Amino acid sequence: VLGSTGSVGVSTLDLIAANPDRFETTALVANKNWQRLAEQARAVGAKSAVLADESGYEALKSALSDTETEVTAGEQAVIEAMDRDCDVVMAAVVGTAGLAPTLAALKPGRALALANKECLVSAGALFMQTARRNGATVLPVDSEHNAIFQAIDGRPLDGLEKIILTASGGPFRTWSIEQMAVATPEQALNHPNWSMGSKITIDSATMMNKGLELIEAYHLFPIDVSGLDVYIHRQSAVHGLVQFSDGSILAQMGAADMRIPISYCLDWPARLANDSRRLDLAQLGRLDFERPDMSQFPALALALECLKTGRGATTVLNAANEIAVAAFLDRKIGFTQIAQVVEEVLENAAATDLLVEPDSMEGVFELDGSARRLAHTNIHRLAANER
Ligand code: NDP
């Protein structure tokens, strides 16, 4: 489990701990949180526990000294942990940091449960090519893509006409742009339906998350940009819909609980029973769907535009957004300035001929780094203008 101490990681560990006869844990990987990593390793009897950040190594080693869990640390140790024999890897590291270990996890015959979005947004074509070349099966963990995966259920893909992702609309669904301009991190972190890590929760509030998901869907399923659609669906009961060439639409529904898509990936193609809340449609009473207002959520329009542009634009979008979200959480920029920074970085990148489709992972990291530097420059300028 890559990113075992995070939101997706903890839900994954819940399911593993509840099914000791079904799973053996080969390796748990986190960045700094050695305390939670030690508790988790003990709870499931993990064979190894790995910290990406070496500063917590001694503390983790001593916390697990009376167990048989092997303790290692450092970026190379994380990559080496992916060489251990296992059937399924949960890839749930947040951000671009997840790229290298997730790529290393793509091994023959292995199922890769992919939660990390950046692999597909920053390096989608390269990532899917590597998965195919290495003979690994990519299973989407993100609830919307998992819904699409379940709805397609192995059907012939030439009949696929449209993929529709649903979005809750986040905490600011009914807010005006003026209200959003003065929104605080606390308000943006208050998601109405889902409990998730802070980066993705802010992305849900800007709806960049849905934009990133459109990019993910484009790489996961054989569909043109024109076949991708988003509905705002505030009940978060229908997670994704697939429309086929005969006009039929299939949808997947369930409670807003990540343990449902995670269960599906852990035991695919079987279904792993879990005690998640069951959806009571009669109690819910109604399901609402509406089209998002792109002027209220410009991040969504930016993501779609990048998908059409190609030439590494989604890599730039992702990097600029990561920096802008961190700056908002640090109260350096306002909420609506997140999309503004991303848009400016995309314009700067186009104007300076940075936009070129990367043909290697090194190329992805280089473009990602350039976009981050541009984002920092834009943020400094915005912050200076405010003073
Ligand atoms: P969190 O922020 O809750 O957790 C991130 C995890 O990654 C932690 O375990 C963290 O360790 C670990 N980590 C961070 N940096 C490194 C690194 N350099 N090397 C190794 N491990 C690292 O994130 P989420 O669980 O919310 O999200 C994980 C991914 O899944 C994201 O890409 C997100 O977009 C995606 N996703 C999340 C969903 C959700 O419901 N949360 C839904 C769908 C997709 P530590 O605790 O030590 O910092």
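One-based numbering along the sequence shown. Small disclaimer: the values here were computed from a predicted structure and weren't measured. Indexing begins at 1, ligand by ligand and atom by atom, following the structure's order.
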Taking the basic N atoms (NZ, or NE/NH1/NH2) and the acidic carboxylate oxygens, is any pair closer than 4.0 Å for [X] and [Y]?
X: R277; Y: D257; value: no
X: E322; Y: K199; value: no
X: D353; Y: R311; value: no

With respect to [atom], which of [options] exhibits the smallest heavy-atom separation?
atom: atom 3 (O) of ligand 1; options: S7, A30, S204, A256; answer: S7
atom: atom 34 (O) of ligand 1; options: H191, M196, K117, M258; answer: K117
atom: atom 35 (C) of ligand 1; options: A115, S11, G95; answer: A115
atom: atom 5 (C) of ligand 1; options: D142, V94, L120, T201; answer: V94

Heavy-atom distances under 4.0 Å decide this one: backbone, side chain, both or neither, for [X] against ligand 1?
X: R36; answer: neither
X: A97; answer: side chain
X: I200; answer: side chain

query = Would you say the side-chain atoms of R331 pair up with the backbone N or O of L329, donor to acceptor, closer than 3.5 Å?
reply = no
task = Determine whether the side chains of N274 and S263 contain a donor N or O and an acceptor N or O closer than 3.5 Å.
result = yes
ask   = With a 4.0 Å cut-off on heavy atoms, is V93 touching ligand 1?
value = yes
